[in-house]
Amino acid sequence: PIAINKALMTNLPYDPERDLAPIAKVAELPNVFIAHNRVPGKNVKEFVEFAKMQPAPLVYSSIGNGSSSHLAAAHFAATAGIELTHAPYKGMSQLVSDLISGEVPLTFTVFSNANAALQSGQVRALAVAAPARLPVLKDVPTLTEAGFPGLETSAWFAVLGPKDTPQPVIDFLNRAIAAALDDPALRAKLDELGHFGGRHVLEQRVAGQHRDLPGQPYLVHAHREHGRCLVRRAQQRGTEPGVIDHAGDDLSPPLVDGVQ
């Protein structure tokens with residue numbers, strides 16, 4: 001939310017870059033592109049070819065409107081030139097259940113959320129939205145390797161403080177957190193969760209908060225443009241664009257507040 005809400009909301013009561021002091025990034029969990037086994041395609045390119053041949057958009061799930069998984073899938077669809085219909089969920093348990101059953105056969109989500117589904121053997125990971133492969137998914141290519149560069153999205157977790165936090169306090173907390181993250185047991189646990197990245201030292205703390213902020217407006221804009229395209233195509237076919245929450249400007253009514 002720190003990065004995404006600034007792009008989504010017109011009435012955000014704070015500016016994360018102006019009002020918060022980044023202290024340390026704790027973890028980064030890239031999104032994983034997952035498909036049910038009944039969806040054809042051994043890799044991302046074959047999936048895209050299959051999706052383009054469908055008379056109606058395929059359906060993908062996310063953990064909610066405006067989430068990183070939502071924007072990751074929308075950005076991928078717009079880049080790949082395919083139509084996908086968004087099915088937002090309020091929680092992971094039902095999402096995973098419907099993913100395993102094939103009710104909603106596609107999703108972008110972090111590995112820790114998808115592990116149960118992957119363990120079921122009913123779904124497969126097609127790609128990871130990270131700069132490099134994840135240790136827990138060594139055989140799964142990145143989206144760049146799959147032929148779609150620039151589609152790196154993740155959920156990251158950071159420690160932040162008020163903007164007027166004294167620099168010595170920030171430095172002390174950053175060193176303490178970095179020392180904790182050097183613990184082998186903690187690092188092993190983070191790796192099990194699908195964490196990507198190395199030691200988060202002092203110099204990385206600013207990038208840890210602000211790195212994603214410039215790209216979020218682009219992602220939201222790409223999402224809206226893709227939604228408009230879907231509506232136009234549906235109108236040309238004389239059909240409805242499906243259970244779309246990215247029709248026209250309606251990315252997420254409670255969040256967008258009329259943003260054009």
A.B. asks: Please evaluate residues Arg133 and Glu145 with respect to the criterion salt bridge (charged side-chain N to carboxylate O under 4.0 Å, His left out), reporting the C-alpha separation (whole Å), side-chain torsions for both, the decisive distance (0.1 Å), and the verdict.
C.D. replies: CA-CA 9 Å; Arg133 298 190 183 197; Glu145 290 177 306; 3.0 Å; yes

A.B. asks: Would you check if the side chain of Asn31 reaches a backbone N or O of Ala72 as a donor-acceptor pair within less than 3.5 Å?
C.D. replies: no

A.B. asks: Check the pair Ile34, Leu99 against side-chain contact (heavy atoms from CB on, under 4.5 Å), reporting the backbone distance first and the verdict last.
C.D. replies: CA-CA 9 Å; Ile34 298 172; Leu99 179 64; 4.0 Å; yes

A.B. asks: How far apart are the C-alpha atoms of Glu192 and Lys189, what are their side-chain angles, what is the distance that settles it, and do they pass the salt bridge (charged side-chain N to carboxylate O under 4.0 Å, His left out) test?
C.D. replies: CA-CA 5 Å; Glu192 290 176 8; Lys189 186 60 179 179; 3.7 Å; yes

A.B. asks: Excluding sequence neighbours, so at least two apart, what forms side-chain hydrogen bond (donor to acceptor under 3.5 Å, both in side chains) with Ser67?
C.D. replies: Ser69

A.B. asks: Establish, from distance only, whether the side-chain atoms of His75 and Thr153 form a donor-acceptor pair under 3.5 Å.
C.D. replies: no

A.B. asks: Using the rule given for side-chain contact (heavy atoms from CB on, under 4.5 Å), can you reason through Leu181 versus Leu186, listing the C-alpha separation, both sets of side-chain angles and the distance that settles it, and then say yes or no?
C.D. replies: CA-CA 6 Å; Leu181 290 171; Leu186 178 56; 3.9 Å; yes

A.B. asks: Once you round to the nearest 0.5 Å, how far does NZ of Lys52 lie from CD1 of Ile82?
C.D. replies: 8.0 Å

A.B. asks: Measure the CZ-CG distance between Phe111 and Leu193 for me, rounded to the nearest 0.5 Å.
C.D. replies: 8.5 Å

A.B. asks: How long is the span from the CH2 atom in Trp156 to the NZ atom in Lys25, to the nearest 0.5 Å?
C.D. replies: 8.0 Å

A.B. asks: Donor-acceptor pair, distance only, cut-off 3.5 Å: does the side chain of Gln94 make one with the backbone of Lys90?
C.D. replies: no

A.B. asks: Between His36 (side chain) and Val104 (backbone), is there a donor-acceptor pair under 3.5 Å?
C.D. replies: no

A.B. asks: How far apart are the closest heavy atoms of Ala114 and Thr109, and which atoms are they?
C.D. replies: CB-CG2, 3.7 Å

A.B. asks: Between Phe148 and Phe76, does the ring centroid distance fall short of 6.0 Å?
C.D. replies: yes

